[in-house]
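The structure under discussion appears below in the form of structure tokens.
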Amino acid sequence: MTDEKLDQILKQALAPEISDNEIRIHKRRKGKMSKFGKIGKCVAAVVAAAVIGIGGFGYFNPVLAAKIPLIGKIFERVEDDAIYSGDYTDKKTVLTNEDSAGNLDTSDYIVSDKGITLTVSEAYCDGYSIFLTVNIESEDADFTHIPKHYTGMKVADNRTAAGFYIDGTWSVDGGSPELLRNTFDGEVIDSHTFAGMLKIDLAEKQTGSGELNLNINGLGYDDDRMLDGGEISASHWTDGSWNIAIVFAVNNTDVKTIEVGEKKGNITLEDVVVSPYQVIVHATTPGEQRELTDDRREKLLSKDPDMTDAEMYELLGWSYEPCYTICFNQDGEQLYSDMEMAGRAVFAVQGKEIKTLYVYIFDNLDDWSLMEQEGMNSGAADRAVISKEIHIA
């Protein structure tokens, strides 16, 4: 996608709330995130992020936190404004607790390096993703200048969260390492403390318990005092080693899988998964039979950080036929499109009631973008390769 097209989509989605300067900053920030491996595998993910308006620049002055227990209650603190929002009270597992004096009852989930301490607090797994809460502390930092980004569909939703970059790998039960691609969504508690939520999408569906190994080798955050500079992304970056093992168990309460198996053209809508916090649409195309490994993708991105998946497939001489997915519920509310990669599109529920899903899958990016802007009644709906009404039992 050209810069001009990205500008147009941003302005249509957010005008007049976002300025040309903020659009330029967003594109620089996107490039940096791509370099660190934080962008999804499909170009549609980049467009989705642009349409929903990652930005929220400006000075942020949080109220210094009173000394009340935070560890063990981070979901409660950030769950309203994180992308994967919702009530985690009855779903989460508390890994580390804190009493009123700030004393922790275990050191199993605490790691420190380079003056930065990470405390993993809570976990939830729906079988497809692991949601973690983590407390980050650094005596030498000033987190109060971390800008917020939008986490709702539109600026008018008034939903924002602070973000923290993370670099490294993860694996489950000794499997092959995968790149950490997401950032923390959370809240600056005070100048030295950040509390956030991290979502890790599993390579394969889990059905029981397991052990997640996080091998973090870098942490960083933006600084709103550098908005006029040429590069703000991860302007405060620290290389180090924060390795931790986290035992988790799958909680399949309220997780439903609806088999579809509909094929039209070159696209097959396999199934749809609805969990309390996300909707996953599994769709395949012939060009996705040969998927890029994280290792190969990382090597290609090291040569050109802006290389798209389509360009990688072309360079490798492989077939590549991407698809672009959008979802609405029975009330015509569009679900937050967070990520689309080969075979899987992921949407945040964000507290919306889901009795019926309307799934539209396109093979044309422009048609997808038009429906993203115009909503469920867009004329682009007629050009979807697959349009499916799915009732959730």
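The figures here come from the full heavy-atom set of this structure, side chains too, leaving out hydrogens, waters and symmetry mates. Heads up: numbering here begins at 1 and tracks the sequence.
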Closest non-hydrogen atom pair between Leu365 and Tyr324, with its separation
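Heavy atoms of Leu365 and Tyr324 come nearest at N-CE1, 3.6 Å.
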
Stepwise side chain to side chain donor-acceptor pair (under 3.5 Å) check, His145 with Asp224
CA-CA 5 Å; His145 289 281; Asp224 62 14; 3.0 Å; yes

Apply the test side-chain contact (heavy atoms from CB on, under 4.5 Å) to residues Leu132 and Ile246: give CA-CA distance (whole Å), side-chain angles for both, the deciding distance (0.1 Å), then the verdict.
CA-CA 10 Å; Leu132 297 173; Ile246 300 153; 3.8 Å; yes

Are Ile83 and Asp338 packed together at the side-chain level, in the sense that at least one heavy-atom pair is separated by less than 4.5 angstrom?
yes

Do Glu187 and Asp81 have side-chain heavy atoms sitting under 4.5 Å apart?
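No, too far: nothing below the 4.5 Å cut-off.
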
Polar side-chain atom of [X] near backbone of [Y] as donor-acceptor pair, under 3.5 Å:
X	Y	value
His282	Gly343	no
Glu137	Ile116	no
Arg159	Asp80	yes
Glu122	Ile74	yes
Asp87	Thr89	yes
Asp173	Glu211	yes
Asn252	Val255	no
Glu262	Glu270	no
Trp368	Tyr360	no
Glu98	Leu70	yes

Sequence neighbours excluded, which residues qualify as salt bridge (charged side-chain N to carboxylate O under 4.0 Å, His left out) partners of Lys355?
Glu353

Aromatic ring pairing Phe143/Phe164, orientation class (parallel under 30°, perpendicular over 60°, tilted between):
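Rings of Phe143 and Phe164: perpendicular, as their planes differ by over 60°.
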
With sequence neighbours excluded, tell me which residues meet ring-ring contact (aromatic ring centres under 6.0 Å, His included) with Phe75.
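Residues passing ring-ring contact (aromatic ring centres under 6.0 Å, His included) with Phe75: Tyr88.
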
Do you see a donor-acceptor pair shorter than 3.5 Å between the side chains of Glu389 and Thr356?
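No, Thr356 and Glu389 have no side-chain donor paired with an acceptor closer than 3.5 Å.
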
Heavy atoms of other groups near Lys352 NZ, more than 12 under 6.0 Å
yes

Are Tyr277 and Tyr84 close enough that their ring centers fall under 6.0 Å?
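Ring centres of Tyr84 and Tyr277 not closer than 6.0 Å.
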
